[in-house]
Amino acid sequence: MHENLIDTDVILRAGEKLADEIEVLVLSFEDLSLEQREMAVSAVSEHAGSTIYIRTVTNKKIGVSSTSDPGRWKECLAASVSSAKLAEPVEGWKGLPAPAALPAGDDPFDPNLSIDPDTAAAFLKRMNEGAAAHADARVVSAGVSLSKGLSVLANSHGIRYERKMTGISLGLDAIAGTSTGYEYDSSPFLNRINPEKMGEQTTFWATASRNGVDVATEKRGVVFSEHVVDSLILDLFTEAINGRNVLTGKSIFAGKLGEVVADSSLSIADVPMDPLGNSMRRFDTEGTLASRREIIAGGVLSSYLYDCKTAGQAGVSSTGNALRGAGGATYIAPHCLRVSGKISDVTKEPCMFVREVIGAHTANPLTGEFSVEVANAFLMEEGEFLQPVKKAMIAGNVFDILKNIGGISAETKTFDGAVVPKMRVSGMQVIG
């Protein structure tokens with residue numbers, strides 16, 4: 001990694017002569033990806049480098065620029081200053097954050113992770129060994145990505161924070177007849193990844209989904225897997241609590257702080273340092289401290305999420321939820337959503353269990369309405385799979401579902417932005 005070749009103090013001193021405020025973020029990384037088609041390795045790719053993101057603020061106008069060539073930082077700085085001149089002033093801008101005592105906690109970093117082909121190949125081998133548990137299915141594709149990085153954030157108010165990261169991402173596809181299965185997992189830590197179980201689960205879903213039966217069009221109890229809760233429910237929830245969407249009126253939650261928006265048993269918090277989460281952030285990418293934030297408490301909407309810009313526009317303080325997108329501009333997102341509520345054996349009573357949905361991205365983020373096809377769905381009772389479902393769709397409204405939760409599971413699965421339980425919903429419209 002090239003972080004030692006970039007002197008952020010030199011960039012800050014140069015920027016302070018050209019702008020009211022300056023922020024420098026340096027991301028240094030190395031990564032390796034390995035892909036498998038059928039049972040043969042089809043591609044290996046490696047990357048390493050550093051990217052410099054520079055934001056400057058002059059007269060409340062924000063400019064952003066980035067470069068992956070550390071030797072061109074002066075051009076990057078000039079571009080940031082120029083873009084600020086073209087920007088509209090941010091009403092209510094309170095300035096970049098000042099230094100503060102960081103919360104205790106570790107970075108999402110595993111010093112034992114090696115970024116090399118042998119390590120990636122070993123993960124593939126273990127996933128394939130697990131997949132062999134269900135011989136009727138064959139592996140179609142698989143992939144492993146390993147990464148290691150360091151971010152250095154500094155600004156003209158005296159902030160200088162560092163954060164180390166590692167990442168392991170695994171994915172596997174399998175097919176049995178015309179039925180398919182898929183599994184994915186990621187973690188910063190080696191001891192949280194179980195490749196054999198991933199492989200076994202992938203071929204299980206493919207084989208168990210064969211010979212599905214038709215279901216009637218009716219309203220019935222449905223249990224969403226952790227995957228569906230994350231990709232359908234929490235994705236739209238995240239859009240609704242985004243301070244930018246609230247300001248522009250694109251959020252269904254706009255103007256509803258203090259109102260009941262969910263079942264009284266349901267609470268959702270953002271927990272940046274959740275020990276089961278993958279993010280583990282003590283500060284966001286602007287340098288604002290990240291701390292636990294209750295978003296829905298007992299069914300009542302308690303907070304939106306903001307970065308510095310949108311917080312100024314809303315006349316509030318940043319909630320420390322700025323992350324960095326392409327080009328260096330910030331976007332707003334939770335660090336690790338945590339759902340709590342009435343825990344129960346969600347598959348004990350008769351239900352249709354839905355492990356995946358196809359088309360979650362088509363759900364309407366403004367209204368919450370969706371109509372999606374189910375995949376790897378089963379009729380269940382007493383926690384047992386009775387029959388796979390041949391083909392069906394489900395339709396409803398995500399924000400209505402939040403008001404009609406029939407219980408959540410005690411077990412959870414970790415995704416990049418959340419630790420997620422299964423969720424039971426009563427009276428879901430199923431189209432057979």
Side-chain angles (χ1 to χ4, degrees), residues 102-108 187-188 224 226-246 251-254 256-286 288-307 310-311 314 316-323 331-344 346 368 398-399 401-425:
L102 294 179
D106 297 323
D107 289 340
S187 174
F224 289 147
E226 299 91 334
H227 290 267
V228 178
V229 175
D230 184 66
S231 65
L232 182 63
I233 306 295
L234 294 185
D235 266 13
L236 263 64
F237 176 76
T238 296
E239 291 297 315
I241 59 174
N242 184 315
R244 184 170 290 116
N245 291 336
V246 173
S251 166
I252 197 170
F253 287 164
K256 293 187 176 180
L257 278 181
E259 296 186 14
V260 175
V261 297
D263 186 279
S264 61
S265 68
L266 187 71
S267 295
I268 303 177
D270 186 27
V271 189
M273 294 301 291
D274 191 304
L276 293 181
N278 284 349
S279 63
M280 295 184 175
R281 287 183 179 276
R282 291 174 292 159
F283 56 91
D284 70 2
T285 58
E286 292 180 311
T288 303
L289 299 191
S291 58
R292 181 186 177 103
R293 178 164 294 275
E294 305 296 333
I295 302 170
I296 290 181
V300 177
L301 183 64
S302 304
S303 178
Y304 307 123
L305 303 183
Y306 293 102
D307 59 5
T310 54
V316 300
S317 298
S318 171
T319 56
N321 287 96
L323 298 181
Y331 66 93
I332 300 168
H335 302 293
C336 182
L337 289 179
R338 264 289 194 173
V339 180
S340 58
K342 183 172 63 179
I343 292 176
S344 63
V346 294
V398 165
F399 302 110
I401 286 175
L402 293 178
K403 300 174 182 174
N404 190 31
I405 301 297
I408 61 173
S409 64
E411 67 272 19
T412 59
K413 181 176 176 61
T414 298
F415 296 89
D416 284 344
V419 178
V420 184
K422 296 182 182 66
M423 184 177 290
R424 185 180 181 96
V425 181

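- Judged purely by atom type and a 3.5 angstrom limit, Ser264 has no side-chain atom pairing as donor or acceptor with the backbone of Gly299.
- The structure places CG of Asp270 at 7.5 Å from SG of Cys336, a figure rounded to the nearest 0.5 Å.
- Two residues are said to be in side-chain contact when any heavy atoms from C-beta on lie closer than 4.5 Å; Val228 and Ile233 fail this criterion.
- Met280 pairs by the side-chain contact (heavy atoms from CB on, under 4.5 Å) definition with Pro108, Phe189, Arg192, Met273, not counting sequence neighbours.
- By the 4.5 Å heavy-atom criterion applied to side chains, Lys342 and Asp263 are not counted as neighbours.
- Within the 3.5 Å criterion, the main-chain N or O of Ala240 finds no donor-acceptor partner in the side chain of Tyr304.
- If you run side chain to side chain contact (heavy atoms under 4.5 Å, CB included) between Phe224 and each of Ile401, Val346, Ile408, only Ile401 comes through.
- Between Leu301 atom CG and Leu257 atom CG the span is 5.0 Å, to the nearest 0.5 Å.
- Side-chain contact check for Val300 versus Val261: every heavy-atom pair is 4.5 Å or farther apart.
- Shown here are the salt bridge (Lys or Arg N to Asp or Glu O under 4.0 Å) partners of Asp307, two or more places apart in sequence or in another chain: Arg244.
- Judged by distance alone, the side chain of His335 and the main-chain N or O of Gly320 form a donor-acceptor pair under 3.5 Å.
- Here Leu305 pairs with Ile241, Arg293, Ile295, Thr319, Asn321, Ile332, Pro334 under the side-chain contact (heavy atoms from CB on, under 4.5 Å) rule; sequence neighbours left out.
- The two residues Leu236 and Gly368 make their nearest non-hydrogen contact at CD2-CA, 3.6 Å.
- Separation of atoms CG (Asn245) and CZ (Phe253) is listed at 12.0 Å; rounding is to 0.5 Å.
- Residues Gly298 and Ser267 share a closest heavy-atom pair of N-OG, 2.9 Å.
- Using a 4.0 Å cut-off between charged side-chain N and carboxylate O, Asp107 and Arg281 make no salt bridge.
- Applying the side-chain contact (heavy atoms from CB on, under 4.5 Å) rule to Val316 yields the partners Tyr306, Ala311, Ala314; only residues at least two apart in sequence or on another chain are considered.
- In this structure, CD in Glu286 is found 6.0 Å from OG in Ser318, a value given to the nearest 0.5 Å.
- The backbone N or O of Val419 sits nowhere less than 3.5 Å from a side-chain atom of Thr412 that would complete a donor-acceptor pair.
- The closest donor-acceptor contact from the side chain of Thr414 to the backbone of Leu276 lies under 3.5 Å.
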* Stepwise, does the side-chain contact (heavy atoms from CB on, under 4.5 Å) test hold for Ile405 with Met423? -> CA-CA 7 Å; Ile405 301 297; Met423 184 177 290; 3.2 Å; yes
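- Taking all atoms of both residues into account, the shortest heavy-atom contact from Arg292 to Ala269 is NH2-CB, 3.8 Å.
- Taking the six-membered ring where the residue is Trp, the centroids of Phe237 and Phe399 are separated by 6.0 Å or more.
- Applying the side chain to side chain donor-acceptor pair (under 3.5 Å) test to every pair with at least one member in residues 401-411, sequence neighbours left out, gives these pairs: Glu411-Lys422.
- To the nearest 0.5 Å, atom CG of residue Asp235 and atom CG of residue Leu337 are 9.5 Å apart.
- With rounding to the nearest 0.5 Å, the separation of CG in Asp416 from OG in Ser279 is 9.0 Å.
- The shortest non-hydrogen separation linking Pro103 to Ala290 is CG-O, 4.1 Å.
- Inter-residue side-chain proximity for Val229 and Val420 is flagged as met; some heavy-atom pair is nearer than 4.5 Å.
- For the pair Ala254 and Val246, the tightest heavy-atom approach, listed with the atom from each and the gap, is CB-O, 3.9 Å.
- Checking side-chain atoms of Thr288 against main-chain N and O of Asp284 turns up no donor-acceptor pair under 3.5 Å.
- Listed by chain and number, the residues in a salt bridge (Lys or Arg N to Asp or Glu O under 4.0 Å) with Asp274 are Arg338 (sequence neighbours excluded).
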